[in-house]
Protein chains: 2
Amino acid sequence: MFIQNLQYKLHKLNTAQIITLSFAGVIFVGGLILWLPFCTAAGQTTSFSDAMFTATTCVCVTGLVTVTTATHWSLIGKLVILLLIQIGGIGLIALASVIFISLNKKISLKNRRMIQESYNLEQMSGLVTVVRKVVLCVFAAEGIGAVGYAFCFVPEFGLVKGLGQAVFTAVSAFCNAGIDLLGENSLADYVTNPLVNVTTMGLIIASGLGFNVWWDLGERIKLVFQKKLSPGRLFRTLRLQSKLVLTTTGILLLGGTICILLFEYKNPDTLGSLSFGQKLMAAAFQSVTTRTAGFFTVAQGALTSGSVMICLFLMLVGGSPMGTAGGVKTTTLAVLVMSIIANLRGKKDVEVYGRKIRSSYIRSAQVVVGMAVSVLLISVLGIFAIMPDAPFVDVLYELTSAIGTVGLSRGLTAVLNTPAKWIVIFTMYLGRIGPLTLGAAVVSRAQKRTKDVHLAEENIMIG
Amino acid sequence: MFIQNLQYKLHKLNTAQIITLSFAGVIFVGGLILWLPFCTAAGQTTSFSDAMFTATTCVCVTGLVTVTTATHWSLIGKLVILLLIQIGGIGLIALASVIFISLNKKISLKNRRMIQESYNLEQMSGLVTVVRKVVLCVFAAEGIGAVGYAFCFVPEFGLVKGLGQAVFTAVSAFCNAGIDLLGENSLADYVTNPLVNVTTMGLIIASGLGFNVWWDLGERIKLVFQKKLSPGRLFRTLRLQSKLVLTTTGILLLGGTICILLFEYKNPDTLGSLSFGQKLMAAAFQSVTTRTAGFFTVAQGALTSGSVMICLFLMLVGGSPMGTAGGVKTTTLAVLVMSIIANLRGKKDVEVYGRKIRSSYIRSAQVVVGMAVSVLLISVLGIFAIMPDAPFVDVLYELTSAIGTVGLSRGLTAVLNTPAKWIVIFTMYLGRIGPLTLGAAVVSRAQKRTKDVHLAEENIMIG
Ligand SMILES: [K+]
Ligand SMILES: [K+]
């Protein structure tokens with residue numbers, strides 16, 4: 001088997017390196033398959049860079065596309081795309097474990113460690129259960145989403161095509177891929193359709209919170225039903241991670257919705273012509289989709305500068321860890337904000353919800369944001385070097401979108417030349433593996449903790 | 001006396017608050033004076049917001065101007081502007097101390113602490129000497145700069161006007177104000193003039209390094225002349241602060257020059273028509289001026305997107321502490337970059353030049369950058385709310401310029417409406433006092449170091 005073979009050869013590598021290479025491997029193989037003639041629809045041709053771009057956008061669940069998915073690819077091509085999205089969404093590691101489980105092989109200690117590290121789990125026990133649970137949850141959520149979409153798409157497209165659209169959209173939404181088979185306008189035709197809006201937002205938010213938050217919530221809710229916990233104490237008994245994720249997500253979604261609503265209220269090209277309720281729904285959708293989903297109901301190129309600024313910020317932050325969302329993550333933002341506030345208040349320890357934030361987290365957060373901003377800066381400069389006439393905002397939007405694996409574009413993806421496509425490919429790839437890999441790398445290295453030689457400190461000045 | 005009176009009343013405030021209020025006080029009084037009719041040239045009228053804007057841009061040595069300095073203000077107005085720039089440049093604290101010295105009063109312990117904290121000095125002793133030295137150095141440097149400019153301006157404008165221009169430009173350059181009396185095009189007419197270029201870059205770099213770096217360098221160079229130190233060991237014996245400042249400044253200046261040269265090489269509106277040597281000089285000038293100087297020799301609105309991106313980054317970083325430059329400072333950038341590299345390499349301690357960087361510095365650097373980015377985001381959104389049709393890049397450039405006290409503009413300053421002017425006024429003010437005040441506040445609070453209640457830590461996930 002390919003993955004087994006790969007893992008055998010990569011025996012000596014650490015987790016971070018295995019993840020990095022696995023993603024690259026799946027992308028490369030996926031790209032080669034998509035490059036095969038039978039994946040392309042009749043009358044179309046696929047260049048090598050477009051095939052690789054599409055494979056990257058699927059596996060990294062980004063959603064930027066250089067060719068229109070609905071018309072460019074054959075049925076087989078679309079199935080390959082669906083599969084690549086699903087692989088990217090669940091994550092190679094989980095998928096590899098599933099293969100191991102289904103082959104009835106015992107998971108080796110090394111593989112356990114790999115899964116454990118990449119999902120940041122605390123106990124070694126129950127890993128098989130965890131992975132099985134992940135996969136079951138994904139399929140359950142996608143199934144529910146598909147049913148929701150079917151009510152809209154089956155009447156519109158007929159049974160077979162409608163169901164196909166529903167399944168594809170549900171998988172794409174839950175995996176935060178944002179790729180669709182509807183044409184070039186994503187969900188813009190459904191801007192006033194509450195069913196499509198609610199289903200999509202539900203899937204995006206659900207997967208954006210991360211599995212561990214759901215399990216934590218699920219356990220507490222079970223206790224509430226068993227009358228072992230009063231509903232009022234539910235939030236307080238959650239794990240710190242869940243509290244941080246829920247609070248930060250709530251603030252970002254609500255803040256984003258309000259800002260976008262205000263900035264677009266009278267914009268005739270976006271919300272201007274809608275009723276107040278529809279305006280609110282479309283603003284909420286835009287706020288939700290920037291959490292690295294990538295679908296859109298309003299034209300991104302028509303957004304006012306104020307909304308663009310808000311969206312750039314939301315896209316860079318992205319979703320929460322252990323889900324399918326990208327970006328630097330809500331917990332990273334929360335930790336940095338809490339750290340800055342603590343510092344301004346002259347406190348040595350960063351405290352939140354009665355817990356102290358470990359200083360290694362603050363440093364990790366710094367690394368994640370620092371690396372994201374560095375990659376963004378370099379890739380933006382790369383695009384400008386290749387395409388000097390590309391509009392500044394569009395380039396900034398495109399690459400923030402790529403690094404956060406968001407998939408929203410102001411139209412630049414369609415006009416990228418070949419070298420620019422490769423820059424975006426690498427940015428999407430770094431955006432997807434970056435935080436994950438870096439996190440793992442930092443954690444595993446920190447555990448070694450080689451005895452540092454203690455050097456003298458010296459005064460310098462900051463700011 | 002105004003400042004004495006102010007200090008008496010502010011007896012109970014801490015240093016950070018005193019600095020904040022002093023700056024606001026001088027700006028307000030300066031604005032009121034500029035608002036008086038005799039400060040305005042015949043045929044012009046000055047609105048309250050323009051008077052306050054001008055006072056802020058002078059005291060905060062930013063350099064953004066809503067009215068053309070050369071034509072809008074009377075001779076008295078220009079002298080007031082020169083004085084406000086000088087006050088802003090040397091710093092209120094140093095100036096207040098000079099008044100005390102000239103009045104032959106002993107500096108009280110409280111005042112000493114204030115100067116000490118705002119200049120981050122280590123010993124209490126020799127404060128009077130330090131302040132005297134600061135002022136002498138400023139005047140000496142400005143004098144040398146004025147002589148340099150005089151060789152160019154006297155033949156052009158005649159003796160009196162030429163000397164006036166030379167003194168004004170030298171003060172403005174050394175104080176990093178970037179305000180000029182030449183008209184609307186700053187130094188664009190002198191883009192090919194080596195004397196003006198070298199004089200201006202010299203003054204900007206000199207003041208941008210910070211006094212303490214100069215003193216440190218001066219001491220070592222003295223030792224070299226006394227044969228007590230071999231020239232090869234000069235850099236190694238410098239203080240950590242000096243090493244960080246010199247290295248970071250060097251990298252930024254060189255990197256900026258190369259990038260701008262490449263991005264503008266064929267741009268007919270900037271470097272395109274110049275010879276290679278002139279191209280290099282103009283690119284270097286643009287790289288230097290973004291270190292919060294604000295003069296320009298090429299039209300900022302004509303820069304390519306790539307250069308704009310580079311300039312945005314350089315403007316946000318700014319100069320070094322204890323000089324007249326703004327921005328988050330070179331040491332802040334250096335500490336954050338070193339911290340990220342150390343983290344990626346799995347090291348617990350951040351080491352540079354054989355010294356360990358105190359973790360409180362890393363936290364301070366985080367605060368400085370976090371606050372700068374927050375203020376930038378909020379002020380950009382504010383401008384978009386008021387002026388929705390303002391070009392995205394121009395607004396980003398304008399406010400990065402304001403927060404970094406740079407003074408470069410792509411033309412937005414001239415078309416700001418009144419509420420937008422006030423947003424820029426507050427951004428310039430926060431940009432100037434921000435890092436300084438925050439630094440002082442953080443340090444003084446940290447020294448108290450109240451016993452933190454030790455809370456439990458809990459695992460969360462970053463990135
Ligand atoms: K996406
Ligand atoms: K300036």
Side-chain angles (χ1 to χ4, degrees), chain A residues 120 122 239-241 244 263 304-306 308-309 313 321-322 328-329 331-332 335-336 339-340 343-344 346-349 351 354-356 358 361 363-368 370 377 380-381 384-385 388 390 392-393 395 435 438-439 442 445-446 448-449 452 455-463, chain B residues 120 122 239-241 244 263 304-306 308-309 313 321-322 328-329 331-332 335-336 339-340 343-344 346-349 351 354-356 358 361 363-368 370 377 380-381 384-385 388 390 392-393 395 435 438-439 442 445-446 448-449 452 455-463:
Chain A
N120 222 344
E122 274 165 63
R239 294 185 53 214
L240 181 59
Q241 164 94 2
L244 282 181
F263 276 116
T304 64
S305 301
V308 167
M309 199 71 208
F313 174 71
M322 237 186 121
V328 299
K329 306 291 184 307
T331 44
T332 306
V335 162
L336 285 178
S339 164
I340 288 172
N343 226 329
L344 288 176
K347 298 225 173 186
K348 203 160 167 277
D349 290 344
E351 292 158 20
R355 286 278 185 280
K356 185 186 152 189
R358 210 168 288 157
Y361 289 144
R363 290 188 65 189
S364 298
Q366 216 178 42
V367 172
V368 169
L377 187 66
V380 164
L381 289 177
F384 283 139
F392 188 89
V393 192
V395 173
L438 284 180
V442 169
R445 296 272 184 101
K448 280 191 232 156
R449 209 166 276 167
D452 288 307
L455 297 171
E457 294 177 342
E458 189 178 328
N459 285 353
I460 59 166
M461 272 172 260
I462 300 297
Chain B
N120 223 345
E122 273 163 66
R239 293 186 53 212
L240 179 58
Q241 164 92 4
L244 283 180
F263 277 115
T304 64
S305 300
V308 167
M309 199 72 206
F313 174 72
M322 240 188 120
V328 300
K329 306 291 185 306
T331 45
T332 306
V335 162
L336 285 178
S339 165
I340 288 173
N343 227 331
L344 288 176
K347 298 226 173 185
K348 203 160 167 278
D349 289 345
E351 293 159 20
R355 286 279 186 278
K356 184 184 152 192
R358 209 169 288 160
Y361 290 144
R363 292 188 65 190
S364 298
Q366 219 178 40
V367 172
V368 169
L377 187 66
V380 164
L381 290 177
F384 283 139
F392 188 90
V393 193
V395 173
L438 285 179
V442 169
R445 296 267 187 106
K448 280 191 231 155
R449 210 167 275 169
D452 287 307
L455 296 170
E457 293 176 344
E458 189 178 327
N459 286 352
I460 59 166
M461 271 173 257
I462 299 298

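Letters A, B, ... are given to chains in the order of the sequence lines, protein chains preceding strands, and every chain is numbered from 1.
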Inset, instruction - Quick one: closest heavy-atom pair of V328(A) and T332(A), and the distance? - result: O-OG1, 2.6 Å
Legend entry - Option that, when pairs with chain B are counted at under 4.5 Å, heavy atom only, ranks first among I340(A), V395(A), L336(A): I340(A)
Inset, instruction - State, to 0.1 Å, how close L381(A) and F263(B) come at their nearest heavy-atom pair, and which atoms those are. - result: O-CZ, 3.6 Å
Legend entry - Segment of F392(B) engaging chain A (4.5 angstrom heavy-atom cut-off): both
Legend entry - R355(B) side, atom CZ; R239(B) side, atom CZ - distance, nearest 0.5 Å: 10.5 Å
Inset, instruction - Side chain from CB out, backbone as N, CA, C, O: work out which of these in S339(B) comes under 4.5 Å of a heavy atom of chain A, or both, or neither. - result: both
Legend entry - Minimum-distance pair of heavy atoms, taken over all atoms of S305(B) and P388(A): OG-O, 4.4 Å
